[in-house]
Amino acid sequence: MSSPYNQIAFALEILKLLAEQPIKRQDLGDILSEFLEQHGKPPGDVLQKLTRTISQLRDCGFDIKSAPHHPYELVDSNFPLILSPEQRQALAMAAYFLDSMGFSAQASQIIRIGKLTQAEQPDNVKVDFSPPVNYSENNLNLIIHQLQERFKQQCRYTIRYRKRPGNERTWDLDRSELRLHDGTLYLFAFAPDAASRHISKRPNAEQNYLFRVDKIVSVGAASNPAFLTKGAIANSRNLTRQGFKPIYSPLVAQNSVLRLQASE
């Protein structure tokens with residue numbers, strides 16, 4: 001690291017890598033060794049360089065979490081942004097929309113990143129969302145995060161769902177996705193053990209269910225069976241042609257999360 005430019009490049013490479021995902025110390029050291037070699041610099045004691053640079057980044061305001069036997073994790077970035085007026089306007093409008101849809105924490109992040117002021121909030125745009133809850137509340141934010149993790153893991157999982165007070169059950173779910181409709185966030189998921197009224201062959205599109213995210217009590221851990229993946233996407237129009245009423249309204253016009261085998 002013989003020049004200021006290389007020191008900056010080394011620090012920026014660390015930030016770029018941690019912005020993608022948490023990385024274990026040894027793995028990060030191996031990647032950085034290759035980075036130095038590609039730039040004609042000897043790796044030397046790359047782990048010592050990594051420790052020193054992480055400390056300097058923290059002094060600059062970057063919140064980087066680390067602990068023994070745990071990966072480095074970029075919790076909060078303080079990287080300065082230089083934005084054009086059009087970019088600032090776009091960020092302000094995005095923050096306004098998110099806040100109106102019940103995602104106040106995400107809206108606050110955008111406002112903080114762009115260093116936006118109240119005067120930059122759009123005054124010529126009005127929205128008509130009616131979210132039932134603030135999805136940034138601690139428990140709901142955790143549930144949404146856990147659902148997103150299950151989607152990445154691509155393995156079956158369970159949820160505890162409270163349809164109404166006194167009516168609560170556990171659902172075993174497969175392929176899933178989040179859908180926002182009229183200000184309400186839903187989990188659209190395939191329930192492999194659910195009964196079907198019209199189609200005898202399983203799996204089938206009647207086993208798709210909607211769950212309001214604000215009524216999910218908890219999300220279970222991922223299990224061993226992987227999500228169904230084969231075949232073409234089945235949608236509600238296939239069922240309508242067969243004389244069946246749409247399963248979900250008004251979301252049924254979108255493709256189902258279930259991917260049926262082509263022979264079915």
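These numbers come from the heavy atoms of this one structure, side chains and all, not from hydrogens, waters or symmetry mates. This one's a predicted model, so the numbers in the text were calculated from it and none came from an experiment.
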K.L.:
Using the rule that Ile, Leu, Val, Met, Phe, Trp and Tyr join whenever any side-chain heavy atoms are under 4.5 Å apart, tell me whether Leu74 and Leu12 fall into a single cluster.
P.N.:
yes
K.L.:
State which residues pass side chain to side chain donor-acceptor pair (under 3.5 Å) with Ser104; sequence neighbours excluded, sorted by chain then number.
P.N.:
Asn134
K.L.:
Side chains of Tyr157 and Phe227: does their closest heavy-atom pair fall under 4.5 Å?
P.N.:
yes
K.L.:
With rounding to the nearest 0.5 angstrom, report the NZ to CG distance, Lys49 to Leu36.
P.N.:
5.5 Å
K.L.:
Can you list every pair that meets salt bridge (charged side-chain N to carboxylate O under 4.0 Å, His left out) and has a residue in residues 101-111, with sequence neighbours left out?
P.N.:
none
K.L.:
Can you sort out the partners of Gln26 under side chain to side chain donor-acceptor pair (under 3.5 Å), two or more places apart, ordered by chain and number?
P.N.:
Asp30
K.L.:
Between Ser223 and Arg156 (side chain of the first, backbone of the second, donor and acceptor by atom type, cut-off under 3.5 Å), is there such a pair?
P.N.:
yes
K.L.:
So which atom in Ala92 and which in Gln121 form the shortest heavy-atom distance, rounded to 0.1 Å?
P.N.:
O-OE1, 4.0 Å
K.L.:
With sequence neighbours left out, which residue pairs that include part of residues 110-120 fulfil the side chain to side chain donor-acceptor pair (under 3.5 Å) condition?
P.N.:
Asp76-Arg112, Arg88-Glu120, Gln109-Arg112, Thr117-Glu120
K.L.:
By side-chain contact (heavy atoms from CB on, under 4.5 Å), which residues pair with Asp45, not counting sequence neighbours?
P.N.:
Leu47, Gln48
K.L.:
What are the two closest heavy atoms between Pro192 and Asp172, and how far apart are they?
P.N.:
CD-O, 3.2 Å
K.L.:
What distance do Phe188 atom CZ and Glu177 atom CD have between them, rounded to the nearest 0.5 Å?
P.N.:
6.5 Å
K.L.:
To the nearest 0.5 Å, what is the distance between CG on Leu32 and CZ on Phe10?
P.N.:
4.5 Å
K.L.:
Give every donor-acceptor pair under 3.5 Å between a side-chain atom in residues 94-103 and any protein atom, sequence neighbours left out.
P.N.:
| from | atom 1 | to | atom 2 | distance (Å) |
| --- | --- | --- | --- | --- |
| Tyr96 | OH | Val125 | O | 3.3 |
| Ser100 | OG | Tyr96 | O | 2.9 |

K.L.:
Could you tell me whether a side-chain N or O of His145 sits under 3.5 Å from a main-chain N or O of Ile143, the two making a donor and an acceptor?
P.N.:
no
K.L.:
For a quick test of reading the model, state the closest non-hydrogen atom pair linking Ser136 to Asn141 and the distance between them.
P.N.:
O-CB, 4.0 Å
K.L.:
Please give me the minimum heavy-atom distance between Val46 and Ser33, naming the atom from each residue.
P.N.:
CG1-OG, 3.3 Å
K.L.:
State, yes or no, whether a side-chain contact exists between Phe62 and Ile54 at a heavy-atom distance under 4.5 Å.
P.N.:
no
K.L.:
Could I get the full list of side-chain contact (heavy atoms from CB on, under 4.5 Å) partners for Thr170, not counting sequence neighbours?
P.N.:
Thr158, Arg160
K.L.:
Are Tyr186 and Leu142 linked, directly or through intermediate hydrophobic residues, by side-chain heavy-atom contacts shorter than 4.5 Å (ILVMFWY only)?
P.N.:
no
K.L.:
Listed by chain and number, what are the ring-ring contact (aromatic ring centres under 6.0 Å, His included) partners of Tyr72, not counting sequence neighbours?
P.N.:
none
K.L.:
Of all the heavy-atom pairs spanning Tyr209 and Ala191, show the shortest one and how long it is.
P.N.:
CD1-CB, 3.9 Å
K.L.:
When rounded to the nearest 0.5 angstrom, what is the spacing between CD1 in Ile23 and OG in Ser66?
P.N.:
13.5 Å
K.L.:
Please report the interatomic distance CZ(Arg169) to CD1(Ile159), rounded to the nearest 0.5 Å.
P.N.:
9.5 Å
K.L.:
Got a second to check how far Ile113's CD1 is from Ser108's OG, nearest 0.5 Å?
P.N.:
11.0 Å
K.L.:
For the side chain of Tyr135 and the backbone of Leu185, is there at least one donor-acceptor N/O pair under 3.5 Å apart?
P.N.:
yes
K.L.:
What residues, two or more places apart in sequence or in another chain, satisfy salt bridge (charged side-chain N to carboxylate O under 4.0 Å, His left out) together with Lys16?
P.N.:
Glu13
K.L.:
Can you list every pair that meets salt bridge (charged side-chain N to carboxylate O under 4.0 Å, His left out) and has a residue in residues 144-153, with sequence neighbours left out?
P.N.:
Glu149-Lys152
K.L.:
When the side chains of residues 210-219 are checked against the rest of the protein, which donor-acceptor pairs come out under 3.5 Å, sequence neighbours left out?
P.N.:
| from | atom 1 | to | atom 2 | distance (Å) |
| --- | --- | --- | --- | --- |
| Arg212 | NE | Asp214 | OD1 | 3.1 |
| Arg212 | NH2 | Asp214 | OD2 | 2.7 |
| Lys215 | NZ | Lys163 | O | 3.2 |

K.L.:
Sequence neighbours excluded, which residues qualify as side-chain contact (heavy atoms from CB on, under 4.5 Å) partners of Gln87?
P.N.:
Leu83, Ser84
K.L.:
Does Phe151 offer a backbone N or O that forms a donor-acceptor pair with the side chain of Gln154 under 3.5 Å?
P.N.:
yes
K.L.:
Do Ser176 and Leu187 come close enough that some side-chain heavy atom pair is under 4.5 Å?
P.N.:
yes
